[in-house]
Amino acid sequence: MVTIRLYDTSARQIRDFVPLTQGCVSIYLCGATVQAAPHIGHIRSGLNFDIMRRWFEYRGYDVTFIRNVTDIDDKIIKKSAEQGRPWWSIGYENERAFNDGYTALGCLAPTYEPRATGHITEMVEMMRGLIERGHAYEADGSVYFDVRSFPEYLSLSNQDIDDLRQPDEGVAGKRDPRDFAMWKASKPGEPDWETPWGRGRPGWHLECSAMAHKYLGSAFDIHGGGLDLIFPHHENEIAQAKAFGDEFARYWVHNAWVTMSGEKMSKSLGNSVLVSEMVKQWRPIVLRYYLGTPHYRSMIEYSEEALREAESAFARIEGFIQRVAEKAGGVVEPAAQVPLAFAEAMDDDLGVPQALAVVHTTVRQGNSALAADDKEAATARLAEVRAMLGVLGLDPLDAHWAGETDRGEDLHGAVDTLVRLVLEQREAARSRKDWATADAIRDQLTQSGLVIEDSPSGPRWTLGPR
């Protein structure tokens with residue numbers, strides 16, 4: 001197989017990807033913590049790894065993709081108390097909101113999507129093994145990981161343990177303030193489960209170590225997540241899993257954030273943009289283009305201006321697809337292979353910006369072919385464009401996006417009827433050579449935000465940039 005190269009956080013360099021099993025890729029992605037509905041920063045991670053998965057599949061790999069759900073943690077319990085609702089009700093409602101967001105933006109469903117609360121047995125087994133090996137200890141009903149017992153601790157984030165400061169978590173019994181909780185003793189009014197050390201609930205870090213072991217075994221290829229998870233979450237996952245005896249992840253891949261005014265998009269900062277609201281204002285395929293086309297390791301500074309630029313750029317691609325499809329008189333299937341330059345960009349640490357440049361170059365070549373009335377060349381370029389967009393999950397002719405309209409199906413139908421009535425008046429003016437009236441109608445439509453194109457099959461309208 002062709003070599004794919006990925007930036008490995010643990011190695012701090014781009015490495016050739018060599019799978020554990022020839023022709024197979026195993027990926028674990030830290031998914032949603034479902035204390036609230038997702039903003040576009042949350043969904044970016046799922047979208048970046050969706051593109052990774054699609055590229056591996058294009059390259060012929062059989063992909064197993066695990067994306068977990070953290071359905072119990074401090075934030076969910078706090079929300080439960082604030083809202084007077086059961087913790088599981090809040091978690092399930094927001095889990096559905098996350099899945100709606102992933103689906104809206106065209107993310108493929110994971111192979112498995114385990115919930116933390118469904119894997120208490122696996123967590124107890126891991127804690128028992130770590131206590132037996134001398135890496136963990138029980139204190140007052142809680143279980144802590146002894147970080148000093150694991151010499152590799154902090155190798156991912158490249159920190160010095162003597163400089164590390166971790167919160168005490170408000171629970172007595174820790175041998176070292178830097179030890180982290182794997183299991184938290186039960187408190188009144190909080191959800192809890194029975195263990196050999198008393199009733200309590202899992203710590204966040206233990207959940208992922210146990211679920212990765214359950215679904216991917218003692219060793220797997222890629223562990224993914226946002227940059228903010230490197231410490232403490234991923235460091236603590238590594239410590240638990242490796243001290244338990246697992247090889248764990250062989251590559252660590254982290255995506256950057258979506259920021260607003262230079263700060264990470266966050267509920268706590270009050271600067272989040274909910275996916276459920278964004279898809280009412282913008283077409284989901286445009287949101288995918290906006291979030292998915294920057295390099296996954298590059299920060300995205302959110303602004304409406306940037307979204308409008310993404311909308312305009314994608315409209316140019318769609319316009320080309322529509323014009324060639326009309327000229328071809330039917331559906332043009334995607335090419336069997338993407339252009340070499342596109343593939344080389346994707347193989348090099350998922351270089352989507354460089355790959356997208358190939359898409360736009362191909363669109364320009366196709367438009368030139370259309371201008372020269374070279375139907376064969378235009379059709380060939382469209383086939384290439386569809387193949388490339390398919391890999392990125394951005395092919396507007398794909399079944400997932402079928403029926404998607406510019407501002408909602410109901411509104412589109414009403415506007416289409418009204419615009420066609422006006423266009424008929426324009427055509428009538430043109431037929432009687434009343435060019436002044438025809439141009440005036442066109443200008444009025446343009447001022448209304450519509451773009452009118454004259455095609456062999458008659459005038460066509462689209463919504464212009466905002």
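Everything quoted here is computed from the prediction, not taken from an experiment.
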Taking the side chain as every heavy atom from C-beta outward, state whether [X] and [Y] have any pair of such atoms under 4.5 Å apart.
| X | Y | answer |
| --- | --- | --- |
| E95 | R115 | yes |
| P202 | I72 | yes |
| R288 | D50 | yes |
| F314 | Y290 | no |
| V2 | R59 | yes |
| I222 | M52 | yes |
| K433 | W435 | yes |
| L392 | Y289 | no |

**Message:** Can you classify the ring geometry of Y215 versus H119 as parallel (below 30°), tilted (30 to 60°) or perpendicular (above 60°)?
**Reply:** perpendicular
**Message:** Determine whether R364 and T361 satisfy the following criterion, side chain to side chain contact (heavy atoms under 4.5 Å, CB included), listing intermediate values before the conclusion.
**Reply:** CA-CA 5 Å; R364 287 193 293 271; T361 296; 3.1 Å; yes
Counting only N and O atoms by type, is there a donor-acceptor contact under 3.5 Å from the side chain of [X] to the main-chain atoms of [Y]?
| X | Y | value |
| --- | --- | --- |
| R67 | F49 | no |
| D8 | S10 | yes |
| Y7 | R15 | no |
| S431 | A428 | yes |
| Q159 | L154 | no |
| S80 | I76 | no |
| T362 | V385 | no |
| N68 | P114 | no |
| R12 | L156 | yes |
| S298 | P294 | no |

Hey, are [X] and [Y] close enough for a salt bridge, meaning a charged N less than 4.0 Å from a carboxylate O?
| X | Y | value |
| --- | --- | --- |
| E277 | K280 | yes |
| D439 | R426 | no |
| R283 | E311 | no |
| E247 | K242 | no |
| K75 | D73 | no |
| E305 | R308 | no |

Minimal non-hydrogen separation, [X] against [Y], with atom names:
| X | Y | value |
| --- | --- | --- |
| N367 | F320 | OD1-CD1, 3.4 Å |
| V273 | M265 | N-SD, 3.8 Å |
| H295 | D349 | NE2-O, 2.8 Å |
| V279 | A104 | CG1-CB, 4.4 Å |
| W401 | P396 | CB-O, 3.8 Å |
| G390 | R54 | O-NH1, 3.4 Å |

**Message:** side chain to side chain contact (heavy atoms under 4.5 Å, CB included) for M388 and L394? Distances and angles first, verdict last.
**Reply:** CA-CA 8 Å; M388 292 185 284; L394 285 168; over 6 Å; no
Spacing of [atom1] belonging to [X] relative to [atom2] belonging to [Y], to within rounding of 0.5 Å:
| X | Y | atom1 | atom2 | answer |
| --- | --- | --- | --- | --- |
| H42 | Y102 | NE2 | OH | 9.0 Å |
| H223 | T9 | NE2 | OG1 | 11.5 Å |
| R44 | I300 | CZ | CD1 | 3.5 Å |
| I51 | L350 | CD1 | CG | 8.0 Å |
| D398 | D395 | CG | CG | 5.5 Å |
| M278 | I40 | CE | CD1 | 4.5 Å |

Give a yes or no on this: more than 12 heavy atoms of other residues, nucleotides or ligands lie within 6.0 Å of atom [atom1] of [X].
| X | atom1 | answer |
| --- | --- | --- |
| R96 | CZ | no |
| E376 | CD | no |
| W88 | CH2 | no |

**Request:** Go through the steps for V253 and Y296 under the test side chain to side chain contact (heavy atoms under 4.5 Å, CB included), then give the verdict.
**Result:** CA-CA 10 Å; V253 179; Y296 75 91; 3.5 Å; yes
**Message:** Once side chain to side chain contact (heavy atoms under 4.5 Å, CB included) is applied, do any residues pair with E57, and if so which ones, sequence neighbours excluded?
**Reply:**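 Side chain to side chain contact (heavy atoms under 4.5 Å, CB included) list for E57, sorted by chain: R53, V63, L108.
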**Request:** Would you please say whether a donor-acceptor pair under 3.5 Å links the side chains of N255 and S45?
**Result:**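 Distance-only check passes for N255 and S45.
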**Asked** Are D347 and W55 close enough that a side-chain donor and a side-chain acceptor fall under 3.5 Å?
**Response**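 The answer is yes; a qualifying pair exists.
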**Item:** Worked verdict on I317 versus L389 for side chain to side chain contact (heavy atoms under 4.5 Å, CB included)
**Value:** CA-CA 10 Å; I317 296 173; L389 292 179; 3.7 Å; yes
Cut-off 3.5 Å, no hydrogens considered: what does the side-chain donor-acceptor table look like for residues 224-234, sequence neighbours left out?
{"unit_1": "D228", "atom_1": "OD1", "unit_2": "W257", "atom_2": "NE1", "d": "3.3"}
{"unit_1": "H233", "atom_1": "ND1", "unit_2": "H205", "atom_2": "ND1", "d": "3.0"}
{"unit_1": "H233", "atom_1": "NE2", "unit_2": "E237", "atom_2": "OE2", "d": "3.1"}
{"unit_1": "H234", "atom_1": "ND1", "unit_2": "H254", "atom_2": "NE2", "d": "2.9"}

Please table the atom pairs, donor to acceptor, closer than 3.5 Å between any side-chain atom in residues 19-31 and protein atoms at least two apart or in another chain.
{"unit_1": "S26", "atom_1": "OG", "unit_2": "D221", "atom_2": "N", "d": "2.9"}
{"unit_1": "S26", "atom_1": "OG", "unit_2": "D221", "atom_2": "OD2", "d": "3.2"}

**Request:** Please report the C-alpha distance between D71 and T117 in whole Å, then the side-chain angles of each, then the deciding distance to 0.1 Å, and finally whether the side-chain hydrogen bond (donor to acceptor under 3.5 Å, both in side chains) criterion is met.
**Result:** CA-CA 7 Å; D71 60 342; T117 55; 2.5 Å; yes
